[in-house]
Amino acid sequence: MTTVIGIAGSLRRGSYNAALLRAAGELMPAALQFEAGSIRDIPIYDGDVEAEQGIPPAVAQLKNRIAAAQAILLVTPEYNGSIPGPLKNALDWLSRPPADMPAIFTGKPVGVIGATPGALGTALSQAALLPVLRAFKLKPYFGSLLYVSGAAKVFDENGRLVDDAVRQKLKTYLEGFARFVNE
Ligand SMILES: Cc1cc2nc3c(=O)[nH]c(=O)nc-3n(C[C@H](O)[C@H](O)[C@H](O)COP(=O)(O)O)c2cc1C
């Protein structure tokens, strides 16, 4: 079975990006088995902690889960026109030590989507992720784009996707991504 691990880059309880990740899990084509990862317990990167204590358990566990998956779906918020700190911090920890990266990341298909209450649908944070994906030697899916704007109306108060047009766009994105992953 081809597994995709999805990671939302927000710690907020009512996160629109966590809601988008849940919706992606529900709409995932049968060709991909979905599982959700979490950045919640990942501490702030500190080289002294790494040197003295090694990789924190939450990071090691997520690395193992990503290694076991055949693809990654990143769901990113946008902060100040770029990658939110918690997500960038998680990615920085996941890149340690560099010797582990080829087995976990090199050549692995990755999709990037995101949601914001703003107007530009996380276009800037998705673009800002591209150099990071390159550093990880991931294989980005460029077949379609998903920029979810006006998120306060796209999701209801329980975090359910209630906008049919966005649902259709997400389905289209995931179908293309599934074909890309299984190519
Ligand atoms: C520090 C900060 C900076 C933000 N900058 C942007 C931004 O540049 N573009 C944008 O669309 N939204 C921006 N926002 C609004 C976020 O999109 C909004 O808080 C969103 O709900 C965060 O994602 P989440 O719902 O998954 O937690 C910012 C929010 C914060 C807290």
Side-chain angles (χ1 to χ4, degrees), residues 3-28 32 34-46 56 58-59 61-63 65-66 69 71-95 109-136 138 140-174 176-177:
T3 300
V4 55
I5 182 162
I7 298 169
S10 172
L11 303 176
R12 204 169 67 82
R13 238 188 331 270
S15 165
Y16 296 124
N17 288 279
L20 183 59
L21 179 65
R22 281 195 302 276
E26 287 164 16
L27 296 173
M28 195 62 72
L32 290 183
F34 172 81
E35 54 179 73
S38 171
I39 64 169
R40 172 157 301 281
D41 296 323
I42 295 182
I44 298 287
Y45 180 78
D46 178 338
V59 178
Q61 193 200 37
L62 189 54
K63 281 173 67 178
R65 292 186 65 199
I66 296 170
I72 305 167
L73 181 65
L74 295 177
V75 188
T76 185
E78 180 173 294
Y79 282 3
N80 294 309
S82 192
I83 309 165
L87 179 58
K88 180 63 165 56
N89 176 68
L91 291 166
D92 291 340
W93 262 122
L94 290 169
S95 71
V110 62
V112 179
I113 58 178
T116 170
L120 298 181
T122 70
L124 293 172
S125 58
Q126 291 193 37
L129 270 167
L130 292 177
V132 182
L133 307 185
R134 182 173 58 196
F136 277 63
L138 287 159
Y141 172 57
F142 290 135
S144 66
L145 297 165
L146 188 66
Y147 298 143
V148 178
S149 53
K153 289 189 177 143
V154 169
F155 301 96
D156 70 12
E157 64 279 8
N158 298 313
R160 292 200 60 83
L161 177 54
V162 291
D163 183 304
D164 287 340
V166 171
R167 178 184 303 277
Q168 191 49 52
K169 281 185 193 161
L170 176 58
K171 266 185 90 172
T172 301
Y173 181 94
L174 295 172
F177 183 59

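When a ligand or atom number is given, it counts from 1 through the structure's own listing order. All values reported here derive from a predicted model rather than from experimental measurement. Atoms considered below: every heavy atom in the structure, side chains included; atoms not considered: hydrogens, waters and symmetry mates.
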Looking at L87, N17, L120, the heavy atom closest to atom 23 (O) of ligand 1 belongs to N17

message: Angle between ring planes, Y16 versus F155, binned at 30° and 60°: parallel, tilted or perpendicular?
response: parallel

Quick one: does any side-chain atom of R65 pair with a main-chain N or O of A36 as donor and acceptor, under 3.5 Å? yes

For G81, the atoms of ligand 1 under 4.0 Å from one of its heavy atoms are 7 (C), 8 (O)

Of all protein heavy atoms, the one nearest atom 21 (O) of ligand 1 is Y16 CD1, 3.5 Å

The protein heavy atom nearest to atom 19 (O) of ligand 1 is Y79 CE1, 4.6 Å

Report task. Looking only at distances, please establish whether an N/O atom of ligand 1 is found under 3.5 Å from an N/O atom of A18. Result -> no

Is the closest side-chain heavy-atom distance between T76 and L74 below 4.5 Å?
no

**Study point:** Min heavy-atom dist N80 to ligand 1 below 4.0 Å
**Key:** yes

Between the CG atom in L94 and the CD1 atom in I7, the distance rounded to the nearest 0.5 Å is 6.5 Å

Logged contact type for R12 with ligand 1, heavy-atom cut-off 4.0 Å, is side chain

Interatomic distance, OG@S10 vs CD1@I39, rounded to 0.5 Å, equals 7.5 Å

The protein heavy atom nearest to atom 27 (O) of ligand 1 is S10 OG, 2.7 Å

Value for CG (D92) from CG (L87), rounded to nearest 0.5 Å, stands at 9.5 Å

- Query: Does the side chain of V154 reach to within under 4.5 Å of the side chain of L20, using non-hydrogen atoms?
  - Reply: no

Item to complete: Mark whether atom 12 (N) of ligand 1 lies under 4.0 angstrom from at least one protein heavy atom.
Response: yes

Counting heavy atoms under 4.0 Å, the part of S15 that contacts ligand 1 is both

Closest non-hydrogen atoms of S82 and S125, given as atom of the first, atom of the second and distance, are O-CB, 3.2 Å

Atom 10 (C) of ligand 1: closest protein heavy atom, distance to 0.1 Å, is T116 OG1, 3.4 Å

When distances are taken from atom 16 (C) of ligand 1, the protein heavy atom at minimum range is E78 O, 3.9 Å

Can you tell whether the side chains of R167 and E26 come within less than 4.0 Å, N to carboxylate O?
no

re atom 18 (C) of ligand 1, the protein heavy-atom contact at minimum distance is P117 CD, 3.7 Å

